[in-house]
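Quick note: residue numbers are just sequence positions, from 1.
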Amino acid sequence: MRTMVVAFAGWPDAAESATTALKHLVRKLPATKFAEIDPEEFYDFTNVRPQTLVNEEGEREIHWPANDFYSYAPDDGSDGLLLYVGTEPNLKWRTFSGILLNVAEMCGVEMVVSLGALLDAVPHTREPLITGNANAPGLSQKVEWLGIRSSGYQGPTGIHTAFMSACVTQGLSHASIWGHSPHYLTSSPNSLVSHALLARLRTLVEIDVDLDELRELGEAFSSEVTKAVNSQADVTAYVKKLEERFDASEPDPGEIPSPDAMVAELEEFLRSQRPRMDPQDDQ
């Protein structure tokens with residue numbers, strides 16, 4: 001299996017876009033689970049809490065943070081895929097990255113592609129912005145050829161960066177692909193961004209996977225969001241402002257606003273759209 005594709009739930013998975021994309025791959029290829037990482041050493045369970053669920057027999061079960069490996073071997077004997085979908089750990093990032101690379105080495109992986117998603121001040125009415133980078137000249141050129149703009153992001157980082165650093169030390173080619181999700185949409189999975197991530201990945205690693213379901217879900221999601229936005233004049237005006245900014249100049253992936261700054265901008269804009277109260281109204 002020459003290629004490994006990874007995604008982590010949590011901070012680097014805005015609107016669950018990256019993990020939704022990986023789970024779609026697992027289901028549609030289909031891929032087979034063959035290993036998992038015991039979460040005990042790597043998580044603060046008061047921060048990333050396990051979930052208690054009731055099974056079909058009415059019994060309570062604990063679902064711990066998942067870190068699962070899947071393999072896909074095409075019937076025609078061509079190169080397969082090693083897929084990993086997990087949860088960003090709270091502890092021991094270098095040790096955790098080492099475990100991922102040990103599995104990759106055992107499976108003969110030569111290239112790693114990580115999928116991530118972040119919140120950004122972008123409108124849902126435009127094609128999702130995709131940025132990324134790679135650690136090898138030839139791979140960097142291919143990434144740019146696919147329309148994935150190089151990210152110059154600096155700031156708080158996640159497990160992706162630690163894992164990429166480990167890949168460099170190991171001598172593995174590594175590329176990361178990031179989808180930018182509108183910061184005002186955080187309560188539901190964003191299939192639009194998931195589709196955009198897999199569309200780039202499908203060309204980069206030449207896998208044959210059906211994306212029609214994701215595309216249709218994304219279109220339905222966008223339609224519902226537009227209906228909700230159009231029912232609120234002030235939010236409609238804010239989205240229009242984002243569209244104008246997006247269309248007027250290419251967003252700079254190295255200047256992604258912080259979540260606090262984006263929320264503050266939205267709140268300030270909405271306040272500015274509301275009519276001023278007549279002082280006599282308080283009397």
Open item on the list: salt bridge (Lys or Arg N to Asp or Glu O under 4.0 Å), that's the test. Do Lys241 and Glu244 meet it? Break it down for me.
Closed with: CA-CA 5 Å; Lys241 177 183 176 182; Glu244 292 171 353; over 6 Å; no

Task: Side-chain heavy atoms of Leu22 within contact of Leu198, under 4.5 Å - done: no

- [ ] Would you give the length of the straight line joining atom CG of Asn133 to atom OG of Ser176, rounded to the nearest 0.5 angstrom?
- [x] 3.5 Å

Open item on the list: If only side-chain N and O atoms count, and only distance matters, is there a donor-acceptor pair under 3.5 Å linking His24 with Ser194?
Closed with: no

Open item on the list: So, taking the atom named CD in Glu213 and the one named OG in Ser191, what distance separates them when rounded to the nearest 0.5 Å?
Closed with: 8.5 Å

TODO: Establish, from distance only, whether the side-chain atoms of Thr125 and Glu243 form a donor-acceptor pair under 3.5 Å.
DONE: yes

Open item on the list: Strictly distance-based, threshold 3.5 Å: is any side-chain N or O of Thr236 a donor or acceptor partner for the main-chain N or O of Gln232?
Closed with: yes

Task: CD/Glu57: more than 12 non-hydrogen atoms of other groups inside 6.0 Å - done: yes

Task: Leu83 CG to Leu81 CG distance, which is reported to the nearest 0.5 Å - done: 5.5 Å

TODO: Check whether any side-chain heavy atom of Lys240 lies under 4.5 Å from a side-chain heavy atom of Arg245, and answer yes or no.
DONE: no

TODO: Is it possible for you to say whether Leu217 and Leu25 belong to one hydrophobic cluster, with membership spreading through side-chain heavy-atom contacts below 4.5 Å?
DONE: no

Open item on the list: If we check side-chain contact (heavy atoms from CB on, under 4.5 Å) with Pro128, which of these qualifies: Asp120, Val122, Val193, Asn190?
Closed with: Val193

TODO: Mark yes or no for whether Ser17, through its side chain, and Ala14, through its backbone, hold a donor-acceptor pair below 3.5 Å.
DONE: yes

Open item on the list: Is there a path of hydrophobic side-chain contacts, each under 4.5 Å between heavy atoms of I/L/V/M/F/W/Y residues, joining Phe34 to Met106?
Closed with: yes

TODO: Would you confirm whether the ring centroid of Phe45 sits within less than 6.0 angstrom of the ring centroid of Trp64?
DONE: yes

Task: Linked, directly or transitively: Met164 and Leu201 (ILVMFWY side chains, under 4.5 Å) - done: no

TODO: Fit a plane to each ring of Phe69 and Tyr84, take the angle between them on a 0 to 90° scale, and name the class: parallel (under 30°), tilted (30 to 60°) or perpendicular (over 60°).
DONE: tilted

TODO: Would you name the heavy atoms of Trp11 and Glu88 that are closest together and state the gap between them?
DONE: CB-OE1, 3.4 Å

Open item on the list: Checking the side chain of Arg202 only, and the main-chain atoms of Val209 only, is there a donor and an acceptor separated by less than 3.5 Å?
Closed with: yes

Task: Over all atoms of both residues, closest heavy-atom pair of Leu204 and Ala175 - done: CD2-CB, 4.4 Å

Task: Intermediate values then yes/no, side chain to side chain contact (heavy atoms under 4.5 Å, CB included), Ile37 and Leu100 - done: CA-CA 9 Å; Ile37 298 175; Leu100 294 178; 4.0 Å; yes

- [ ] For residues Pro12 and Phe8, report the shortest heavy-atom separation together with the two atoms involved.
- [x] CG-O, 3.9 Å

Open item on the list: On a heavy-atom basis, which atom in Ile159 and which in Ser97 lie closest, and how many Å separate them?
Closed with: CD1-OG, 3.9 Å

- [ ] Answer whether the closest heavy-atom distance between the side chains of Glu61 and Val54 falls below 4.5 Å.
- [x] no

Open item on the list: Testing the 3.5 Å rule here: is there a donor-acceptor pair between the side chains of Asp79 and Tyr72?
Closed with: no

TODO: Please name the pair of heavy atoms, one in Asp210 and one in Asp212, separated by the smallest distance, quoted to 0.1 Å.
DONE: OD1-N, 2.9 Å

TODO: May I ask you to decide if Thr87's main-chain N or O and Asn67's side chain share a donor-acceptor pair within less than 3.5 Å?
DONE: yes

- [ ] Kindly say whether His174 contributes a backbone atom to a donor-acceptor pair with the side chain of Asn135 at under 3.5 angstrom?
- [x] yes

Open item on the list: Measuring from atom SG of Cys107 to atom CG of Leu82, what distance do you get when rounded to the nearest 0.5 angstrom?
Closed with: 5.0 Å

Open item on the list: Do His180 and Leu118 have side chains that approach each other closer than 4.5 Å (heavy atoms only, starting at C-beta)?
Closed with: yes

Open item on the list: Can you tell me how the ring of Phe96 sits relative to the ring of Tyr43, calling it parallel under 30°, perpendicular over 60° and tilted otherwise?
Closed with: perpendicular

Task: Thr226 side chain to His124 side chain, donor-acceptor N/O pair below 3.5 angstrom - done: yes

Task: Within-4.5 Å side-chain heavy-atom neighbours: Asp68 and Val26 - done: no

Open item on the list: Apply side chain to side chain contact (heavy atoms under 4.5 Å, CB included) to residues Tyr184 and Val239 and explain how you reach the verdict.
Closed with: CA-CA 9 Å; Tyr184 53 89; Val239 173; 3.9 Å; yes

- [ ] Determine, for Lys23 against Glu16, whether the closest basic-nitrogen to carboxylate-oxygen distance falls under 4.0 angstrom.
- [x] no

Task: Other residues, nucleotides, ligands: >12 heavy atoms within 6.0 Å of Asp75 CG - done: no

TODO: Let me see the working for Cys167 and Leu101 under side chain to side chain contact (heavy atoms under 4.5 Å, CB included), right down to the final yes or no.
DONE: CA-CA 7 Å; Cys167 288; Leu101 287 179; 3.9 Å; yes

Open item on the list: Looking at Asp208, I want to see if its CG is surrounded by more than 12 non-hydrogen atoms of other residues, nucleotides or ligands under 6.0 Å.
Closed with: no

Open item on the list: Surrounding CZ of Arg126 (heavy atoms of other residues, nucleotides or ligands, distance under 6.0 Å), is the total greater than 12?
Closed with: yes

Open item on the list: Pair Thr3, Val112 - check side chain to side chain contact (heavy atoms under 4.5 Å, CB included), show working.
Closed with: CA-CA 6 Å; Thr3 303; Val112 176; over 6 Å; no

Task: Minimum-distance pair of heavy atoms, taken over all atoms of Ala15 and Leu185 - done: CB-O, 4.1 Å

Open item on the list: Counting C-beta onward and ignoring hydrogens, is there a side-chain heavy-atom pair between Met4 and Glu110 closer than 4.5 Å?
Closed with: no

Task: Straight-line distance of Ser181 OG to Leu129 CG, nearest 0.5 Å - done: 11.0 Å

Open item on the list: How long is the straight-line distance from CD1 of Ile62 back to OG1 of Thr52, given to the nearest 0.5 Å?
Closed with: 5.5 Å

Task: Any donor-acceptor N/O pair, Thr161 side chain to Thr157 backbone, under 3.5 Å - done: no

